[in-house]
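The next block holds one structure in the form of structure tokens; read it before the comments.
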Amino acid sequence: MSNGPVFILGMQRSGTNQVLNILRSHPDTCWPDGEFHQVFKPRFNARESLGRSLVKLADYSVYYLGSGDGLGPHSPPGARALDGWRAEWVRTRIARRTKANAAEVERVKALLDRAGFYPRGRSGADRVVLKLVDYNVGLARGLSRLYPDAAFVGLLRHPVPVCEGQTARGVTLDKAMASYLYFGRALMDLEAAGARVLTVQFEDLVTSPEAVARKILGHCALDPQALTGFMLQDKRRVTDTAGTVTGMTKETILLPFSEIGQHLRADVNAEAEARFDKGAARAVIDACGGVMGHFGYAVPAEGPRT
């Protein structure tokens, strides 16, 4: 069995947290606190103490002075983001901060074990799981060289609800479309390079969660039968009086596979599309049609922009 890390690749508002929850729920995984970029960069928010943020800021300044902000998700990484000493710098900090998160990993595993979700017991957490979103996906080729035994899971979602979710949070439509295109092309490039990558459609995950979950676990060389359910985060939008999205509420629940389908909403794309301006939706399809077609999405013919 491989001990290499598992990297989840996706976009914000595309359902990557569900894949993350599946993999974190398995008895043989562990993880640092936060997404890939948060391992290195300070947060300066309630999730991280001021002291810890300042320590990370000082540490990241070493990388930043030598490479710029190459590990942030809001712009493409430079060509040398994982070259030379930077590769070992990244590897060391992933290992160090995964170790520092051991107590939280144990808390989650204990909850799942008490819920009876580990029929074969626990053999020990050893596969590191990390999520890369938006422009951080451009680091995947470098990570595949840094970790030759890594597994990658790319989560695709139809671009219209993804762009709707991003524009609802203040991102311009042009930036949302550019980010989607970058993500799709980076995933295509990773496939072409022969990396061990599985692409999954979000729409399949919400309609056939158990089958897709077991497919993901098998791809990552994790025993699919070692887990009978997982920890799920149910999210709801919080809006102000003008309808602007100001945040999310989250509820963590433990669900056996037999009940997961009741909590993943198959109509979530339709709801997003109904909120989106039809002209904007058409612009997204026109711009992203090549990526959509490559990953198996139907590309509707040109229609009126009403």
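We're numbering straight along the sequence, starting at 1.
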Any side-chain heavy-atom pair from [X] and [Y] closer than 4.5 angstrom?
X      : Y      : value
Leu227 : Ser25  : yes
Gln225 : Pro119 : no
Arg157 : Met11  : no
Ile8   : Val129 : yes
Lys109 : Arg122 : yes
Trp31  : Leu130 : no
Met231 : Leu111 : no
Val128 : Asn3   : no

For [range], which residue pairs pass the ring-ring contact (aromatic ring centres under 6.0 Å, His included) check, not counting sequence neighbours?
range            : answer
residues 277-297 : His158-Tyr297
residues 51-72   : Tyr60-Tyr63, Tyr63-Trp89
residues 93-118  : none

Supply the atom-to-atom distance [X] [atom1] to [Y] [atom2], rounded to the nearest 0.5 angstrom.
X      : Y      : atom1 : atom2 : value
Lys56  : Ser49  : NZ    : OG    : 9.5 Å
Thr228 : Leu255 : OG1   : CG    : 11.0 Å
Arg114 : Leu112 : CZ    : CG    : 9.5 Å
Asp277 : Thr167 : CG    : OG1   : 9.5 Å
Met177 : Cys163 : CE    : SG    : 7.0 Å

side-chain contact (heavy atoms from CB on, under 4.5 Å) assessment of Ile22 paired with Val212 | CA-CA 10 Å; Ile22 291 167; Val212 172; 5.9 Å; no
Are Tyr135 and Phe183 near enough that their ring centres are under 6.0 Å apart?
-> no
For [X], salt bridge (Lys or Arg N to Asp or Glu O under 4.0 Å) partners two or more places apart:
X      : value
Glu191 : none
Asp113 : none
Arg97  : Asp59

Residues in side chain to side chain donor-acceptor pair (under 3.5 Å) with [X], at least two apart?
X      : result
Thr16  : Lys131
Asp134 : Gln12
Ser61  : none
Lys215 : none

May I ask you to list the residues sharing a hydrophobic cluster with Leu50, side-chain cutoff 4.5 Å, ordered by chain and number?
-> Phe44, Leu54, Leu57
Of the options Glu48, Lys41, Arg43, which is the one that meets Ser53 in a side-chain hydrogen bond (donor to acceptor under 3.5 Å, both in side chains)?
-> Glu48
For Tyr147, is the NZ or CZ atom of Arg91 found under 6.0 angstrom from the centre of its six-membered ring and inside 45 degrees of the ring axis?
-> yes
State whether the side chain of Thr29 and the backbone N or O of Leu23 hold a donor-acceptor pair below 3.5 Å, judged by distance alone.
-> yes
Pairs touching residues 173-186 that satisfy side-chain hydrogen bond (donor to acceptor under 3.5 Å, both in side chains), sequence neighbours left out | none
